[in-house]
Amino acid sequence: MKFHDVIVVGAGQAGLSVAYFLRRTQRSVLLLDAEAQGGGAWQHTWESLRLFSPAAWSSIAGWPMPRSDQEYPHRDEVIDYLRRYEERYGFNIQRPVQVTDIVPVTGGFELRASAEGRRWYARAVVFATGTWRNPYIPTIPGRDVFSGQQLHSAFYQRPEPFAGQDVLIVGGANSGAQILAEVSQAAASTTWVVLEPPRFLPDDVDGRVLFDRATARWRAIQAGRPPESPANGLGDIVMVPSVRAARDRGVLHARGPLAELTASTAVWPDGSAKSTDAIIWCTGFRPALQPLVSLGIVQEAGKVQVQGTQVTDVPGLWLVGYGEWTGMASATLVGVMRTARSTAQEVDAYLGAFS
Ligand code: FAD
C-alpha cells in the first residue's frame, strides 16, 4: 500500500491554498476532489453572483486574481481563476472522487471513496471540503406539509422560475439580501424572513472592511488584547449594487421568524399569515465533514474540536477553510491564506517528527 505524505480532501480555494504552501516542502501531496472540474463551490453559485470585494482582495496565495473589467469580479471569473491556478502550479489532483470515510491505520490514514470503490493512504490528512455540500435548513413546524417549491440558496440559479409567484426568502445575511434583490424583480411578491434585524454595511464600504475587521481581530487575539470587532462580522450585508437598488425600491423590509408553515401559507407568531408559492432558504451551511462522522469527532453543530486547524483528538488530521472556528475569515478567498500557510508548516513539522 502506497502512502502519500499528505492527502488534501477538497480542491476548492482552501485546499489549493494548503497545496500551494505544501509545495515549499519536499512532501508528496495528493488532492482528492468530488467535482469533475476545478472551481470548488463557486461553480454552483447563482448566475449573477459577484464577489463582495475587488479582485485584489480576493486572491489566494502566490498568484493575484486577474483584474476584472468591473469593480467586483463575477463568479465566472473566480471559477476561471481557480482553474488556471490549478494548472499554474500543476497540483496532483484526482477528480471526481467523493471521499466517504477516513480510517486511522498504522502509519496514518486510509481514505475510502465508496462510490468509486477505491482507497488511498496518507501519513497526514487535511480536510478542506467547504460547506456547500452541507446546506442547512432550520426545523420549522409544517415544513413537510408545505406544498410549494422549496429551494436552498446552494441550488438557486436565477429569478425567472419564480415569476408571478409569492416567494418567501428566509435568511438575513448576504445570500438572502442578494437573492431577495433579484427575485423581487420577477416575483408577484417577496417576503424577507430573518431571525434578527439584518446588519447592513455603509454604502461606501465593501468586503474589504470585513477582512480588515477579521485581521484586526486576529492581531488583537495574537497580542492577547480583547478584540474590538464582532466575531461574526462576515455576516454583515455588503451593499453591492443590486442590494442598494433593492433598498431604493423599498424591498429590503424584513419580518421576524416564522411560527409555522401550512400547505400554502407562512404563519407568524402573531397569527398573521401570507399566501406563499415558494420558499428560498438562504439559511447557510454546515461544514461538509460527513466522512469524519465515523471518527466520532463531529459535534452537534457540525464542528470539530481543533487547536488552530489541527484536530485535537486525531493527530495527523487538519481542517482548513470552515470559517471563524478554523481561523479568522478562513472561509473567504483572501482570508484562508493565513491558516493554509500555518497548516502546511504544522503538517511538515508533524511528518518530520516521524521521518
Ligand atoms: P469549496 O469551494 O466548497 O470547495 C470544497 C471542495 O471540496 C469542492 O471542490 C468539493 O467538491 C470538495 N469536497 C467536498 N466534500 C468532499 C468529499 N467528501 N470528498 C472529496 N471532495 C470533497 N468569499 C469571498 O472571499 N468573497 C466573496 O465575495 C464571497 N461570496 C460568497 C457568496 C456565496 C453565495 C457563498 C456561498 C460564499 C461566498 N464566499 C465568498 C465564501 C467562500 O469564498 C466560498 O464559500 C468558497 O467556496 C469556500 O471555498 P472552500 O475551498 O472552503 O470550499
Side-chain angles (χ1 to χ4, degrees), residues 7-19 30-55 57-60 65 72-75 77-79 81-83 85-86 93-102 111-116 118 120 125-136 152-157 171 173-179 206-208 210-211 214 234-235 237-238 240 282-285 287-293 319-323 326-327 329-337 339-340:
I7 288 182
V8 178
V9 181
Q13 64 205 39
L16 295 178
S17 299
V18 174
L30 168 67
L31 290 94
L32 300 176
D33 189 82
E35 296 291 348
Q37 297 184 83
W42 288 103
Q43 54 201 308
H44 299 293
T45 52
W46 57 91
E47 291 171 3
S48 65
L49 181 68
R50 288 187 173 275
L51 288 177
F52 50 52
S53 45
W57 287 73
S58 304
S59 302
I60 56 179
M65 182 184 286
Y72 301 117
H74 184 260
R75 48 88 92 162
E77 294 174 276
V78 181
I79 296 166
Y81 166 61
L82 292 176
R83 288 178 181 168
Y85 186 94
E86 281 186 25
I93 302 177
Q94 288 184 20
R95 56 157 65 102
V97 170
Q98 170 94 18
V99 170
T100 47
D101 277 294
I102 173 171
L111 286 92
R112 299 172 184 166
S114 50
E116 292 85 352
R118 295 180 59 188
W120 294 262
V125 173
V126 179
F127 259 70
T129 52
T131 59
W132 185 80
R133 288 168 182 268
N134 197 2
Y136 169 72
H152 187 281
S153 63
F155 307 103
Y156 170 77
Q157 283 299 308
N174 280 292
S175 292
Q178 290 187 25
I179 290 176
D206 58 26
R208 282 168 276 201
L210 300 179
F211 300 131
L234 284 174
I237 296 171
V238 182
V240 294
C282 305
T283 42
F285 300 85
L289 295 175
Q290 294 86 334
L292 300 184
V293 169
L319 306 180
V320 175
Y322 295 99
T326 58
S330 62
T332 64
L333 284 150
V334 77
V336 74
M337 192 178 323
T339 48

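In this text, all values refer to a predicted model and were calculated from it rather than measured experimentally. Start at 1 and go down the list; that is how both ligands and their atoms are numbered. Numbering of residues begins at 1 and proceeds along the displayed sequence.
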**Q.** Part of Ala128 within contact of ligand 1 (heavy atoms, under 4.0 Å)
**A.** backbone
**Q.** Close-contact set for ligand 1 against Ala14 heavy atoms, below 4.0 Å
**A.** 51 (O), 52 (O)
Q | Residue from Val8, Leu32, Leu16 passing side chain to side chain contact (heavy atoms under 4.5 Å, CB included) with Ile93 | A | Leu16
**Q.** Atoms in ligand 1 flagged as close to Ser175, the criterion being non-hydrogen separation under 4.0 Å
**A.** 34 (C)
(Q) Within the 4.0 Å heavy-atom shell around Trp46, which atoms of ligand 1 are there? (A) 34 (C)
Q | Atoms in ligand 1 with a heavy atom of Gly321 nearer than 4.0 Å | A | 52 (O)
Q. Would you say ligand 1 has an N or O under 3.5 Å from any N or O of Ala41?
A. yes
Q: Answer yes or no: does an N/O atom from Ala34 fall short of 3.5 Å to an N/O atom of ligand 1?
A: yes
Q. What's the spacing between Trp57 CH2 and Thr332 OG1 if we round to 0.5 Å?
A. 11.0 Å
Q | Distance filter under 4.0 Å to Leu32 heavy atoms, resulting ligand 1 atoms | A | 20 (C), 21 (N)
Q: Return the orientation label for the His44 and Trp132 ring planes: parallel under 30°, perpendicular over 60°, tilted otherwise.
A: parallel
Q. If hydrogens are left out, which of Thr326, Thr332, Leu16, Leu82 has an atom nearest to atom 23 (N) of ligand 1, that is, the closest non-hydrogen atom?
A. Thr332
Q. How far is atom 32 (C) of ligand 1 from its nearest protein heavy atom, and which residue and atom is that?
A. Leu49 CD2, 3.9 Å
Q | atom 20 (C) of ligand 1: nearest protein contact (heavy atom, Å) | A | Val97 O, 3.1 Å
Q. Would Thr129 and Tyr322 satisfy side-chain hydrogen bond (donor to acceptor under 3.5 Å, both in side chains), going step by step from the backbone distance to the final call?
A. CA-CA 8 Å; Thr129 52; Tyr322 295 99; 2.6 Å; yes
Q) Rounded to the nearest 0.5 Å, how far apart are CD of Glu47 and CG of Leu49? A) 11.0 Å
Q | Minimal non-hydrogen separation, Met337 against Ile60, with atom names | A | CE-C, 4.2 Å
Q | Nearest option to atom 27 (C) of ligand 1, as decided by whichever heavy atom of Leu51, Val240, Leu333, Asn134 sits closest | A | Leu51
Q.
For atom 4 (O) of ligand 1, what's the nearest protein heavy-atom neighbour? Residue, atom name and distance, please.
A. Gly12 CA, 3.5 Å
(Q) Looking at Arg95 and Asp33, is any side-chain nitrogen of the basic one under 4.0 Å from a carboxylate oxygen of the acidic one? (A) yes
Q) Side chains of Gln178 and Arg50: is there a donor and an acceptor less than 3.5 Å apart? A) no
Q | Test log, rule side-chain contact (heavy atoms from CB on, under 4.5 Å), inputs Leu51 and Leu333 | A | CA-CA 10 Å; Leu51 288 177; Leu333 284 150; 3.9 Å; yes
Q. So which of Ile93, Thr45, Thr129, Val99 gets nearest to atom 14 (C) of ligand 1, if we judge by its closest heavy atom?
A. Thr129
Q) Are any of the N/O atoms in Thr131 less than 3.5 Å from those in ligand 1? A) no
Q. With atoms numbered from 1 as shown, which atoms in ligand 1 lie under 4.0 angstrom from a non-hydrogen atom of Gln98?
A. 18 (N), 19 (N)
Q: Could you tell me which residues satisfy side-chain hydrogen bond (donor to acceptor under 3.5 Å, both in side chains) with Ser53, sequence neighbours excluded, listed by chain and number?
A: Ser58
Q | Nearest-0.5 Å distance that lies between atom CD1 in Ile79 and atom CH2 in Trp42 | A | 9.0 Å
Q. Tell me, which protein residue and heavy-atom name are nearest atom 36 (C) of ligand 1, and how many Å apart are they?
A. Phe285 CE1, 4.1 Å
Q. Short list, please: which atoms of ligand 1 are under 4.0 Å from a heavy atom of Gly40?
A. 2 (O), 4 (O), 8 (C), 9 (O)
Q. For ligand 1, which atoms have a heavy atom of Arg133 less than 4.0 angstrom away?
A. 10 (C), 11 (O), 14 (C), 15 (N)
Q: Evaluate the side-chain hydrogen bond (donor to acceptor under 3.5 Å, both in side chains) criterion for residues Thr100 and Ser114: first the C-alpha distance (whole Å), next the side-chain angles of each, then the deciding distance (0.1 Å), finally the verdict.
A: CA-CA 6 Å; Thr100 47; Ser114 50; 3.3 Å; yes
Q. Is there a side-chain contact (heavy atoms from CB on, under 4.5 Å) between Met65 and Glu77 once you walk through the steps?
A. CA-CA 9 Å; Met65 182 184 286; Glu77 294 174 276; 5.6 Å; no
Q) Just heavy atoms, cut-off under 4.0 Å: does Val336 contact ligand 1 by side chain, backbone, both, or neither? A) neither
Q: Please write down residue, atom name and distance for the protein heavy atom closest to atom 48 (C) of ligand 1.
A: Gln13 NE2, 3.5 Å
**Q.** Polar atom proximity, Phe52 to ligand 1 (N or O, under 3.5 Å)
**A.** yes
Q.
Quick test: of every protein heavy atom, which one is nearest to atom 37 (C) of ligand 1, and how far off is it to 0.1 Å?
A. Trp42 CH2, 4.9 Å
(Q) Pair Tyr85, Ser59 - check side-chain contact (heavy atoms from CB on, under 4.5 Å), show working. (A) CA-CA 10 Å; Tyr85 186 94; Ser59 302; over 6 Å; no
Q) Got an N/O contact under 3.5 Å between Asp33 and ligand 1? A) yes
Q: Nearest heavy atom to atom 42 (C) of ligand 1 wins, so pick from Gly10, Pro291, Ala331, Ser17.
A: Ala331
Q: Enter the distance from Phe285:CZ to Asn134:CG here, rounded to the nearest 0.5 Å.
A: 9.5 Å
**Q.** Distance from atom 11 (O) of ligand 1 to nearest protein heavy atom, with residue and atom
**A.** Glu35 CG, 3.2 Å
**Q.** Nearest neighbour in protein (non-hydrogen) for atom 53 (O) of ligand 1
**A.** Gly130 CA, 3.4 Å
Q | Pairing residues for Thr326 by the side-chain hydrogen bond (donor to acceptor under 3.5 Å, both in side chains) criterion, not counting sequence neighbours | A | Ser330
